[in-house]
Amino acid sequence: MKFEPHDQFEQRQKKLEAIQALGFEAFPREFRWTHTAADIVREYGNMAAPELDAAKPGVSLAGRIVSYRLMGKAGFAHLQGAGKRVQVYVKKDVVGDRGFQLFQLLDLGDHIGIRGHLFRTKTGELSVWVEELFFLSKALLPLPEKWHGLADVELRYRMRYLDLISTEKSRQVFETRARIVRELRKFFEARGYIEVETPMMHPIAGGATARPFVTHHNTLDINLFLRIAPELYLKRLTVGGFDRVFEINRNFRNEGISTQHNPEFTMLEFYEAYSNYRDLMDLNEQLFAQVAQAIAGSTKVKYGDVELDFGKMERLSMREAIVKYWPEGAGTPPTVQELAAPGGAQRATERYNQWAKANHAEYAAAKGNLADGEWTGLLFETIAEDKLVQPTILYDFPTEISPLSKQKPEDPALTERFEIYVAGMEIANGFSELNDPAEQERRFLAQIARGGDEVPKQLDVDYIRALAHGMPPTAGEGIGIDRLTMLLTDSHSIRDVILFPQLRPEGKPEEGQAGQAAGKA
RNA sequence: AGGGGCGUAGCUCAGUGGUAGAGCAGCGGCCUUUUAAGCCGAAGGUCGUGGGUUCGAUCCCCACCGCCCCUACCA
């Protein structure tokens with residue numbers, strides 16, 4: 001074992017030996033505490049010095065030493081637990097020679113337990129008058145600098161444990177994330193949903209358009225894909241009679257990494273039989289308002305320099321959004337009817353691109369030959385997506401880009417699908433589920449014919465067969481938990497809401513990496 | 001993948017074409033109500049890596065490695 005900084009590591013090992021020489025165990029097994037730091041602050045935070053002196057409330061407390069001031073024959077330290085800290089005061093003539101020798105051998109980062117009573121110091125800080133000290137664990141490596149903490153973002157991600165100790169804001173983000181997940185479970189359980197877990201390893205990576213990770217099962221000798229979505233399994237469950245199901249778990253997509261993308265990310269997916277996409281839109285308005293209220297205490301949430309209002313959601317069809325956010329100066333906006341006409345979306349996009357070229361605006365670059373619906377999707381993403389800052393339900397997606405959604409009865413070019421956008425990010429995606437097995441097969445085959453590595457190579461016959469056994473009319477949706485957490489914690493990088501975000505492995509690339517056999521690209 | 005930025009002590013950061021600095025942490029000493037404790041003393045560095053220019057490079061140039069941001073793919 002050899003870690004930087006060697007000198008401090010060795011120094012602390014010597015101290016640990018000295019602590020053992022005093023008769024303390026190096027790695028004790030337990031400490032029976034009576035109060036947490038939070039308990040002490042909550043119960044005695046407002047008690048004045050004379051009251052404390054009269055009552056001398058007894059406490060046993062454990063925690064990590066995060067500040068340490070030794071002054072000859074007495075000293076102070078702060079013990080931190082679960083983000084809260086309490087000062088302790090250690091006096092040689094109270095704790096005795098052995099106890100004080102132990103105190104002198106402590107370092108920032110060590111865990112100790114103390115028994116004593118509460119009092120206030122001259123300067124008024126609520127503190128524990130230590131009567132007995134218990135050694136609990138040595139930090140052989142030092143903590144980050146006590147005032148600035150850990151500022152290097154790379155170190156914060158790689159050594160998250162240090163970030164959690166020294167950056168209170170970071171702790172809170174992950175506590176909030178846990179509360180968000182709890183609220184979501186409460187919301188769905190209150191509506192009669194049951195939570196399930198479906199496979200993460202799929203023989204066919206379906207349910208979304210994305211490049212999958214491939215792995216291999218030795219005994220079966222088959223390749224498997226880490227799931228890109230749980231969708232097709234959850235819908236098998238609605239066939240099976242689970243009329244209201246949800247799953248909160250990871251998806252894996254072998255694509256770019258950015259402030260909004262991590263290769264593994266957490267989705268809530270839920271399916272509700274006998275409902276359609278309009279029902280889900282209504283449900284979402286309640287859901288987002290309720291979660292925001294529970295987490296932020298208001299439906300209005302500060303995100304950067306804007307205030308997001310989850311109390312109401314604008315609803316726009318995709319074509320309406322294109323018309324609404326058509327840039328000024330790019331000529332007359334197309335009408336919804338023009339966009340709906342054959343070739344209309346392409347003509348509008350070309351018109352937009354002429355303007356974009358001349359004005360150095362974002363260009364709508366089409367890859368290959370696009371169908372009408374793909375043009376519509378492309379144009380929307382180019383001119384409107386990042387304008388959708390306030391929570392917006394965008395609905396009626398083209399059929400060509402929605403292979404799992406049910407078509408609108410009055411217009412088969414469109415599906416009953418919506419997405420929720422907030423702060424320019426896609427947060428949710430839901431639709432009336434396509435449950436016609438023949439139509440589903442036709443769409444899958446069309447996808448496969450089109451090709452590309454974001455699309456399965458083979459038909460998911462098992463899924464079609466499940467549909468053929470009869471799936472009730474169902475609406476389903478996925479919500480990105482990481483992005484939702486970003487919104488509710490004012491975080492602007494997905495890495496700040498994922499405990500251990502994906503980074504390049506440390507050290508030399510050729511050493512011991514899993515994918516070495518693949519060689520250089 | 002393309003563009004921009006960053007990389008100096010364990011941590012947070014200064015700095016200069018002439019052999020490297022502070023604060024915190026650590027070490028020795030003093031200090032029994034401090035709180036970014038204080039005071040005295042000593043220590044700590046292949047200035048990301050490898051080339052090049054130069055009498056001389058941490059600094060200038062090139063390549064590579066890593067991280068961050070933007071763009072592209074995507075949720």
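Lettering of chains follows the sequences in order, A, B, ..., and the numbering in each one begins at 1.
Closest to the side chain of A:Ala74, out of B:U34, B:U32, B:C73, is B:U32. Residue A:Met71 places its side chain closer to B:U33 than to any other of B:C67, B:C11, B:U33. For A:Thr121, counting side-chain heavy atoms from C-beta on, the closest listed nucleotide (B:A75, B:A25, B:U33) is B:U33. The side chain of A:Lys73 has B:U32 as its nearest neighbour among B:U32, B:A36, B:U12. Residue A:Arg253 places its side chain closer to B:A75 than to any other of B:C11, B:C68, B:A75. Checking B:G26, B:C73, B:U33 against the side-chain heavy atoms of A:Tyr89 singles out B:U33 as nearest. Among the nucleotides B:A75, B:C27, B:U33, the one closest to the side chain of A:Lys15 is B:C27.
With a 6.0 Å radius and a threshold of 12 heavy atoms from other residues, nucleotides or ligands, A:Arg250 has its CZ atom at or below the threshold.
Base pairing annotation: B:C73 forms no Watson-Crick or G-U wobble pair, as no partner gives both donor-acceptor distances under 3.5 Å. In this entry B:C60 has B:G52 as its Watson-Crick or G-U wobble partner, both defining distances falling under 3.5 Å. Base pairing of B:G66: its partner is B:C6, meeting the Watson-Crick or G-U wobble criterion (both donor-acceptor distances under 3.5 Å). Look at B:U12: its Watson-Crick or wobble partner, with both distances under 3.5 angstrom, is B:A22. Pairing for B:C31 is absent, with no Watson-Crick or G-U wobble pair whose two atom distances lie under 3.5 Å.
Between A:Arg158 and B:C67, a side-chain N or O to OP1/OP2 separation shorter than 4.0 Å is present. Within the structure, a side-chain polar atom (N or O) of A:Thr259 is placed less than 4.0 Å from OP1 or OP2 of B:C70.
Contact of A:Glu125 with B:U33 (side chain to base): no donor-acceptor pair of N or O atoms is detected under 3.5 Å. Between the side chain of A:Asp93 and the base of B:U32, a donor-acceptor pair under 3.5 Å is found. Residue side chain A:Glu145 does not reach the base of B:A25 through any donor-acceptor N/O pair under 3.5 Å, judged by distance alone. Contact of A:Lys91 with B:U32 (side chain to base): a donor-acceptor pair of N or O atoms is detected under 3.5 Å.
If you check residues 485-499 of chain A against RNA chain B, the residues with a heavy atom closer than 4.0 Å are A:Ser493, A:Arg495, listed by number.
In the model, A:Glu350 has a side-chain atom that pairs as donor or acceptor with a side-chain atom of A:Gln346 under 3.5 Å. Side-chain atoms of A:Asp39 and A:Thr36 form a donor-acceptor pair, as typed in the model, at a separation below 3.5 Å. Side-chain contact check for A:Ser405 and A:Glu433: no donor-acceptor pair (N or O, by modelled atom type) lies under 3.5 Å.
Taking the six-membered ring for Trp and thresholds of 30 and 60 degrees, A:Tyr89 and A:Phe119 have ring planes inclined between 30 and 60 degrees apart.
A:Tyr325 pairs by the ring-ring contact (aromatic ring centres under 6.0 Å, His included) definition with nothing, not counting sequence neighbours.
B:C47 and B:G4 have their C1' atoms separated by 23 Å, given to the nearest Å.
For the pair A:Arg160 and A:Ser170, the minimum side-chain heavy-atom distance is below 4.5 Å.
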